[in-house]
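As the structure lists them, so they are numbered: ligands from 1, and atoms in each ligand from 1.
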Amino acid sequence: MELTTEDRAAWERDGVIIKRRVLPEDLMAAYCKRRENIEPAGWPYPTPYVEERELRELGTWSALTEFLGELVGGEMGLHLTLTGWVSTERSWHADGYLNPENVGNDYAAVWMALDDIDPRSGPFEYVPGSHHWLNHLTRSDVFEKLTVQERQSPDWPKLAERFVTDYWQQTIDQQGAQIRQFIPAEQGDILVWHPWVVHRGSEPKVPGMMRKAVICHYSVCKSRQDFGNRWVQGPGGKWFKP
Ligand SMILES: O=C(O)CCC(=O)C(=O)O
């Protein structure tokens, strides 16, 4: 999968790159077969790829990890997957605040369409160019708004949603910002987004409608001192073993 000058321009301009029909059919088919009998919300934790070989092989597909490495500038490892076949309905946020400050731009996430996505199923939405906004919420901004007890909770990202969502909704409204949907999103298409792009899993028009996708988050391995040295080298790329 080639990183073209158009891709680089889209990354700079929008903070998003869309590549059409790139995912290998055999990796998608193997994962879908394994995933089929799991409930719509998917595995209820972010690292099922540790046990699930088919997910790990898709998430660390070498052409993708090499593409991301060239784009971001450093070897990228997989450390978080969202495996629901319905929208996460996670409202507006930019992922950067979830990471320690030093990670900065050394991060990217990928939305993979495993089938043609129905626009009524709650597509991925983003604000192109929002990675250039100057009012981003970092982890320390968010921690300042949490109580001491909340900061110490492993659920702090969830607890912070109450103000992260409002903050971004207000910013979008004030700026009259354009919102774009990842539609069409057809089987094998991917969307790569920047850690400071404001985005969400939109609310489905038809509640519970299937949205057959998988979301994978990656960091530059050497920037994640917080992960220790728990990276495992797979045949395609590295993955984090918690
Ligand atoms: O459900 C979606 O499409 C959005 C997922 C999301 O916000 C994320 O992975 O950070």
Side-chain angles (χ1 to χ4, degrees), residues 14-18 23 35 38-49 55 58-59 64 68 72 76-99 103 105-128 130-131 136-139 142 155-169 171-172 177 179-187 189-219 240:
D14 300 332
V16 161
I17 296 173
I18 293 171
L23 294 174
R35 169 68 186 76
I38 311 284
E39 59 190 67
W43 284 279
Y45 61 104
T47 54
Y49 61 78
L55 173 59
L58 181 61
L64 176 63
L68 295 174
V72 174
M76 299 289 271
L78 172 70
H79 55 82
L80 188 154
T81 51
L82 299 171
T83 53
W85 277 359
V86 286
S87 172
T88 59
E89 298 190 49
R90 171 73 213 271
S91 195
W92 296 118
H93 66 287
D95 300 327
Y97 83 96
L98 297 166
N99 307 323
V103 176
N105 293 342
D106 289 351
Y107 192 90
V110 182
W111 206 102
M112 306 182 185
L114 302 173
D115 203 346
D116 298 354
I117 302 298
D118 192 303
R120 298 168 301 169
S121 66
F124 179 85
E125 292 186 339
Y126 63 99
V127 180
S130 51
H131 59 317
H136 269 287
L137 287 179
T138 61
R139 184 187 275 205
V142 168
D155 283 337
W156 70 263
K158 188 88 206 143
L159 299 167
E161 280 179 29
R162 64 176 188 267
F163 50 82
V164 171
T165 300
D166 289 351
Y167 179 83
W168 288 119
Q169 186 64 64
T171 305
I172 290 166
I179 294 165
R180 228 176 259 171
Q181 280 194 333
F182 183 30
I183 288 290
E186 293 173 350
Q187 189 178 57
D189 293 351
I190 63 168
L191 180 149
V192 183
W193 76 92
H194 189 282
W196 300 110
V197 157
V198 179
H199 64 279
R200 70 175 174 185
S202 63
E203 202 182 313
K205 295 264 182 324
V206 177
M209 187 180 223
M210 186 188 259
R211 196 190 72 164
K212 209 166 168 181
V214 63
I215 299 168
C216 296
H217 291 242
Y218 305 81
S219 291
F240 170 65

T81 side-chain N/O to P46 backbone N/O, donor-acceptor pair under 3.5 Å: yes

R180, CZ atom: more than 12 neighbouring heavy atoms under 6.0 Å: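 Yes, the 6.0 Å shell around CZ holds more than 12 heavy atoms from other groups.
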
Return the minimal non-hydrogen interatomic distance between [X] and [Y], and the atom names on each side.
X: Q187; Y: D116; result: N-OD1, 2.9 Å
X: L58; Y: V214; result: CD2-CG1, 3.9 Å
X: W85; Y: L114; result: NE1-CD1, 3.9 Å
X: Y49; Y: H79; result: OH-CA, 3.3 Å

What residue and atom, counting heavy atoms only, is the protein's closest point to [atom], and at what distance?
atom: atom 5 (C) of ligand 1; result: I215 CD1, 3.6 Å
atom: atom 9 (O) of ligand 1; result: H217 NE2, 2.9 Å
atom: atom 7 (O) of ligand 1; result: H93 CE1, 2.9 Å
atom: atom 1 (O) of ligand 1; result: T88 OG1, 2.5 Å

For ligand 1, which atoms have a heavy atom of [X] less than 4.0 angstrom away?
X: W193; result: 8 (C), 9 (O), 10 (O)
X: G201; result: 1 (O), 2 (C), 3 (O), 4 (C)
X: D95; result: 10 (O)
X: F124; result: 3 (O), 4 (C)

Test item, R211 contacting ligand 1 (heavy atom, 4.0 angstrom):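 It does, in that a heavy atom of R211 comes within the 4.0 Å cut-off of ligand 1.
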
Pair D14, H194: side-chain N/O donor-acceptor within cut-off below 3.5 Å: no

Contact check: W111 vs ligand 1, nitrogen or oxygen atoms, below 3.5 angstrom: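 Yes: some nitrogen or oxygen of W111 is under 3.5 Å from one in ligand 1.
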
Residue from Y126, W111, F124, W193 passing ring-ring contact (aromatic ring centres under 6.0 Å, His included) with F182: W111

Shortest heavy-atom approach to atom 8 (C) of ligand 1 - which of H199, R90, E89: H199

